[in-house]
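The figures here come from the full heavy-atom set of this structure, side chains too, leaving out hydrogens, waters and symmetry mates. Starting from 1, each residue takes its place in the sequence as its number. In each ligand, atom 1 is the first atom listed, and ligand 1 is the first ligand listed.
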Amino acid sequence: MSRVVAIANQKGGVGKTTTSINLGASLAYHGKRVLIVDIDPQGNTTSGLGINKADVKQCIYDVLINEVQMESVLLSTPIEGVDLIPARIELAGAEIELVQVLSREHRLKRSLQRVRDRYDFVLVDCPPSLGVLTVNSLTAADSVLIPIQCEFYALEGLGQLLNTVRIVQKHLNKRLEIEGVLLTMYDARTNLSLQVMNEVQKYFQEKVYQTVIPRNVRLSEAPSHGKPILEYAARSRGAQCYVDLAKEVIHNGQ
Ligand code: ADP
Ligand code: MG
């Protein structure tokens with residue numbers, strides 16, 4: 001049975017893409033078959049996995065808008081065990097174009113149906129908004145993983161995200177669960193990081209992963225080399241932490 005996990009937070013820069021790429025690669029490292037769906041028009045996951053966007057002929061946009069089959073858009077990546085549904089900038093138009101489409105919230109769910117069972121995990125890297133692309137992801141998902149950056153406004157906006165999750169649970173996807181809450185860019189030298197961690201733990205309790213992702217310069221360098229951290233700097237703290245996170249994610253689902 002495959003598990004579809006949406007990686008969502010409408011804030012930009014909290015580590016959604018970094019987590020999609022590196023959790024994906026780490027799940028594959030543990031022997032899992034992984035599909036990563038890039039549903040952010042920025043396409044950062046696509047390039048971060050070593051795919052040249054200029055070479056991408058069709059992307060998730062064509063699946064959502066032109067009803068192209070997932071199979072014809074699916075790419076294998078340089079990482080063994082990781083496949084990708086890429087995104088290109090034309091996806092930016094989908095938010096508006098989908099408005100006129102019947103049962104638009106179910107587009108991703110329906111198109112994933114035919115391929116999801118080839119994988120143990122399908123990770124969906126959401127855009128930084130709560131628009132129709134994120135709603136499609138939450139509708140298609142079994143669970144949502146929420147990365148939270150350890151910084152001053154960390155909890156601001158989380159109410160809105162959780163409200164969206166509740167609305168989706170009520171009207172579109174009853175089975176949607178919170179997969180887990182991931183603290184990212186943790187800086188052990190600051191009190192602030194510790195304060196955010198305490199607050200998030202108080203609020204989400206056992207939903208917070210034991211693994212906390214530190215601020216790690218290797219993690220921020222890896223995308224420009226088109227590689228996950230495991231290939232770019234396998235011995236770094238960042239790599240170790242994502243490997244640990246993958247273990248937790250696998251364990252929690254058993
Ligand atoms: P999002 O997808 O939520 O917008 P990203 O994953 O793209 O966030 O991260 C935002 C920026 O922060 C990127 O430049 C990324 O390389 C960097 N970054 C993410 N996680 C870390 C980390 N743990 N340590 C250092 N830099 C990070
Ligand atoms: Mg992103």
Query - Nitrogen or oxygen of Gly12 less than 3.5 angstrom from that of ligand 1 - result: no
Report task. Taking only Lys NZ, Arg NE, NH1 and NH2, and the carboxylate oxygens of Asp or Glu, determine whether Lys202 and Glu199 approach each other closer than 4.0 Å. Result -> no
Query raised in the report: To the nearest 0.5 Å, how far apart are NZ in Lys16 and CD1 in Ile7?
Result: 10.0 Å
Query raised in the report: What is the nearest protein non-hydrogen atom to atom 15 (C) of ligand 1, stated with its residue, atom name and distance?
Result: Thr18 OG1, 3.8 Å
Query raised in the report: To which protein heavy atom is atom 25 (C) of ligand 1 closest, and what is the distance rounded to 0.1 Å?
Result: Asn216 O, 3.2 Å
Query raised in the report: Does the N or O separation between Lys16 and ligand 1 drop below 3.5 Å for any pair?
Result: yes
Report summary line: among protein heavy atoms, the one nearest atom 26 (N) of ligand 1 is Ser220 CB, 3.6 Å
Query - Winner among Glu221, Gln42, Met185 once heavy atoms are compared against atom 27 (C) of ligand 1 - result: Met185
Query raised in the report: Does an N or O from Pro223, backbone or side chain, lie closer than 3.5 Å to an N or O of ligand 1?
Result: no
Requested in this report: Check each atom of ligand 1 against the heavy atoms of Leu219 and keep those under 4.0 Å away; list them by number with element.
Outcome: 22 (C), 23 (N)
Query raised in the report: Does the side chain of Asp38 reach to within under 4.5 Å of the side chain of Pro86, using non-hydrogen atoms?
Result: no
**Report entry** Presence of salt bridge, Arg3 and Asp120, under 4.0 angstrom
**Finding:** no
Requested in this report: Return yes when at least one protein heavy atom is under 4.0 Å from atom 11 (C) of ligand 1, and no when none is.
Outcome: no
**Report entry** Sub-4.0 Å atoms of ligand 1 with respect to non-hydrogen atoms of Val14
**Finding:** 1 (P), 3 (O), 8 (O)
**Report entry** Under 3.5 Å donor-acceptor, Lys11 side chain and Tyr153 backbone
**Finding:** yes
Query raised in the report: Under 2.8 Å from the Mg ion (ligand 2), is there an N/O/S atom belonging to Thr17?
Result: yes
Query raised in the report: In the protein, which heavy atom is nearest to atom 8 (O) of ligand 1, and how far is it?
Result: Gly15 N, 3.0 Å
**Report entry** Flag side-chain contact, heavy atom, 4.5 Å: Leu133 against Pro41
**Finding:** yes
Query - ligand 1 contact by Gly238, heavy-atom criterion under 4.0 angstrom - result: no
Query raised in the report: Would you say Ile213 and ligand 1 have an N/O pair spaced under 3.5 Å apart?
Result: no
Query raised in the report: Name the one of Thr17, Leu23, Ile21 that satisfies side chain to side chain contact (heavy atoms under 4.5 Å, CB included) with Thr19?
Result: Leu23
Query raised in the report: CG/Leu172 to CD1/Ile167 distance, rounded to the nearest 0.5 angstrom?
Result: 9.5 Å
Requested in this report: Among Thr184, Leu161, Leu182, Leu158, find the residue that satisfies the side chain to side chain contact (heavy atoms under 4.5 Å, CB included) test when tested with Ile148.
Outcome: Leu158
Report task. Could you tell me if any non-hydrogen atom of Pro214 lies under 4.0 Å from any atom of ligand 1? Result -> yes
Query raised in the report: Would you say Thr17 and ligand 1 have an N/O pair spaced under 3.5 Å apart?
Result: yes
Requested in this report: Evaluate the criterion side-chain contact (heavy atoms from CB on, under 4.5 Å) for residue pair Asn216 and Ser236; output intermediate values, then yes/no.
Outcome: CA-CA 8 Å; Asn216 180 268; Ser236 63; 4.2 Å; yes
Report task. Calculate, to the nearest 0.5 Å, the distance between atoms CG and OG belonging to Leu245 and Ser26 respectively. Result -> 7.5 Å
Report task. Please determine if Val217 has a nitrogen or oxygen closer than 3.5 Å to a nitrogen or oxygen of ligand 1. Result -> no
Query raised in the report: Looking only at protein heavy atoms, which one is nearest to atom 4 (O) of ligand 1, and how far off is it?
Result: Gly13 N, 2.7 Å
